[in-house]
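Numbers here are sequence positions counted from 1. Read the numbers this way: they start at 1 and go in the same order the structure lists the ligands and their atoms. This structure is a prediction, so every number in the text was calculated from the model and none was measured.
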Amino acid sequence: MRPVFDPFDPAFRADPYPFYDALRTHDPVHTTPFGMVVLTRYEDVAWTLKSPQFSRDIDKYATQTSSPARQRRREQGRTRTKSILNLDPPDHTRLRRLVSKSFTPSAIEPLRAVTQKFVDEALDTAEQRVRDGGQFELIDDLAFPVPFLVISSMLGMPTTRADELREWSKVLTQTLEPTVSMQDLDQADRAFEGLIPFLNEVIADRRKNLGSDMLSALIAAEESGDKMTTTELVTFVVLLYVAGHETTVNLIGNSVLALLRAPDQLAWAREHGLDSNAVDELLRFDGPVQHTVRVPLKPVQFQVGDRTFDVAAGERVLTSLGAASHDPSVFDDPHRLDLRRPNANRHLGFAAGIHYCLGSSLAKMETQVSIDSLLRRFSRIELSGEPQWRDRLTIRGVDRLVLSVAR
Ligand code: HEM
């Protein structure tokens, strides 16, 4: 039987990796019943992500007709300012140059102390609840609040409307999904109506009073006399909340689950703490972003052994980051979690090429501080019940992860 890519199948959602293996082995350039090409080999995924023959501006170049909701998102994409994620060079190059300084490892390292403070506070609250007879649920208690607080604090966002901001970012993330519905888009429109004037106000205020926060740095960022416009700034801040939030939440969730399921690795992490390589391995093993899409600007060919696969210009090509990061031709024994894996950092969980995740250092630091602190605080951590995988295609993560913990 020919393997199919069916991310709606609950078995796929619970564990997509055997499905990726079957596709990689039998149909590495797979065309789905809904008309997308799915790549699962490391080599093909990495090449596609790095090749200038592919565009990230799906709304502009994809030729396939899609659901009414996707059609509407596409129309919106044409009129709204595009985020850096959806731009091709030279527009992408210009923006990336303006923002990249704020995300280098040396720009991120000073945030470790404030991250530690947020993590400690979140763990204090959760621990108190457990003492009072309640539950510790990792996602709501730790994984969700920490990245939100960190990005808000980095940008120097006023805390007065934190709850609304959190809700808006949640709603907007849903629109990234290929299964986006009309209802999601209505909600997103309402979120935009609240968010945009709020951000315009914050930016106008900050322009008058620049501080040491990242928003001030972005306002002041200048390269060869070039600066970001207010609309570009607003769009970028929205992307930071959307791209940087749920992703990190789920990296923390998936990683704790992976460690609890691999006691030898958990023991190693307890003894040594997570270093950068260990976090890379957790991302490789079960990363929160499972795929991303590109569109070829002209016809392309993939050669696999003696087979040739043709892909037409404008076809949507889904590069499976999860499958590539489990390709046995690159990673030995790929389904084993090995925090000391020598080439863990070759994973594609942050993609590759010009759109390589801008927030990678930040996400890794937050994950490291969160998990190390969790392990230090509790000498016993066990899963209470089976996790429920979220109803998402692009983002992989669990809804709830209830833990039984003791000092
Ligand atoms: C574990 C957490 C994260 C993962 C797995 C992740 C993954 C990714 C991936 C796969 C891409 C490339 C998408 C593509 O090529 O189509 C990307 C881009 C991006 N990410 Fe992340 N991300 C994470 C956290 C963050 C954080 C914390 C931030 C910032 C606060 C961030 C900001 C961005 C931005 C701005 C881009 C667009 C870069 C560009 O287009 O040049 N991400 N991320």
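Using a 3.5 Å distance cut-off with no hydrogens or angles, the side chains of Tyr17 and Asp286 do pair a donor with an acceptor.
A salt bridge is defined here as a Lys NZ or Arg NE, NH1 or NH2 lying under 4.0 Å from an Asp or Glu carboxylate O, and Arg206 with Asp213 meets this definition. Residues Arg41 and Asp44 are paired through a salt bridge, judged by an N-O separation under 4.0 Å between the basic side chain and the carboxylate. Looking at Arg129 and Asp141, a side-chain N of the basic residue comes within less than 4.0 Å of a carboxylate O on the acidic one, giving a salt bridge. Between Glu201 and Arg161 no salt bridge is recorded (no basic side-chain N to carboxylate O distance below 4.0 Å). A salt bridge links Asp124 with Arg377: the closest approach of a Lys/Arg side-chain nitrogen to an acidic carboxylate oxygen falls below 4.0 angstrom. Using a 4.0 Å cut-off between a side-chain N of Lys or Arg and a carboxylate O of Asp or Glu, Arg112 and Glu109 qualify as a salt bridge. Look at Asp21 and Arg24 and you find a salt bridge, because one of the NZ, NE, NH1 or NH2 atoms lies within 4.0 Å of a carboxylate O, short of that distance.
For the residues Phe236, Phe350, Tyr356, the heavy atom positioned nearest atom 4 (C) of ligand 1 is part of Phe350. Nearest to atom 24 (C) of ligand 1 by heavy atom, out of Thr367, Ile354, Thr247, is Thr247.
Distances from ligand 1 to the non-hydrogen atoms of Ala243 include at least one value under 4.0 Å. For His92, the heavy-atom gap to ligand 1 drops under 4.0 angstrom. Look at Arg294 and you'll find a heavy atom under 4.0 Å from some atom of ligand 1. The shortest heavy-atom distance from Leu321 to ligand 1 is under 4.0 Å.
In Arg96, the part holding a heavy atom less than 4.0 Å from any atom of ligand 1 is the side chain. The parts of Leu85 lying near ligand 1 are both backbone and side chain, judged by heavy-atom distances below 4.0 Å. Using a 4.0 Å cut-off between heavy atoms, Pro288 contacts ligand 1 through its side chain alone, with no backbone atom that close. Residue Arg56 touches ligand 1 through its side chain alone, judged by heavy-atom distances below 4.0 Å. With a heavy-atom cut-off of 4.0 Å, Leu49 does not touch ligand 1 at all. Residue-level proximity to ligand 1 for Leu251 is carried by the side chain, the only part with a heavy atom below 4.0 angstrom.
If you look at Phe54 and Trp47, their ring centroids are closer than 6.0 Å. Centroid-to-centroid, the aromatic rings of His30 and Phe5 stay 6.0 Å apart or farther.
Nearest protein heavy-atom neighbour of atom 12 (C) of ligand 1: His355 O, 3.4 Å. The shortest contact between atom 21 (Fe) of ligand 1 and any protein heavy atom is with Cys357 SG, 2.3 Å. For atom 26 (C) of ligand 1, the closest non-hydrogen atom of the protein is Gly244 CA, 3.3 Å. Nearest non-hydrogen protein atom to atom 34 (C) of ligand 1 is Leu358 CB, 3.8 Å. Looking at atom 32 (C) of ligand 1, its nearest protein heavy atom turns out to be Gly359 N, 3.7 Å. Regarding atom 16 (O) of ligand 1, its nearest protein heavy-atom neighbour is Thr292 OG1, 2.5 Å.
Per-residue contacts place Gly349 under 4.0 angstrom from the following atoms of ligand 1 (heavy atoms of the residue considered): 5 (C), 7 (C), 10 (C). Under a 4.0 Å criterion applied to the non-hydrogen atoms of Leu239, ligand 1 contributes the atoms 35 (C). Against a heavy-atom cut-off of under 4.0 Å, Thr248 is close to the following atoms of ligand 1: 2 (C), 24 (C), 27 (C).
Side-chain contact between Arg307 and Pro28 is present, with at least one heavy-atom pair separated by less than 4.5 Å.
Aromatic ring orientation, Phe331 versus Tyr42: perpendicular (interplanar angle above 60°, classes split at 30° and 60°).
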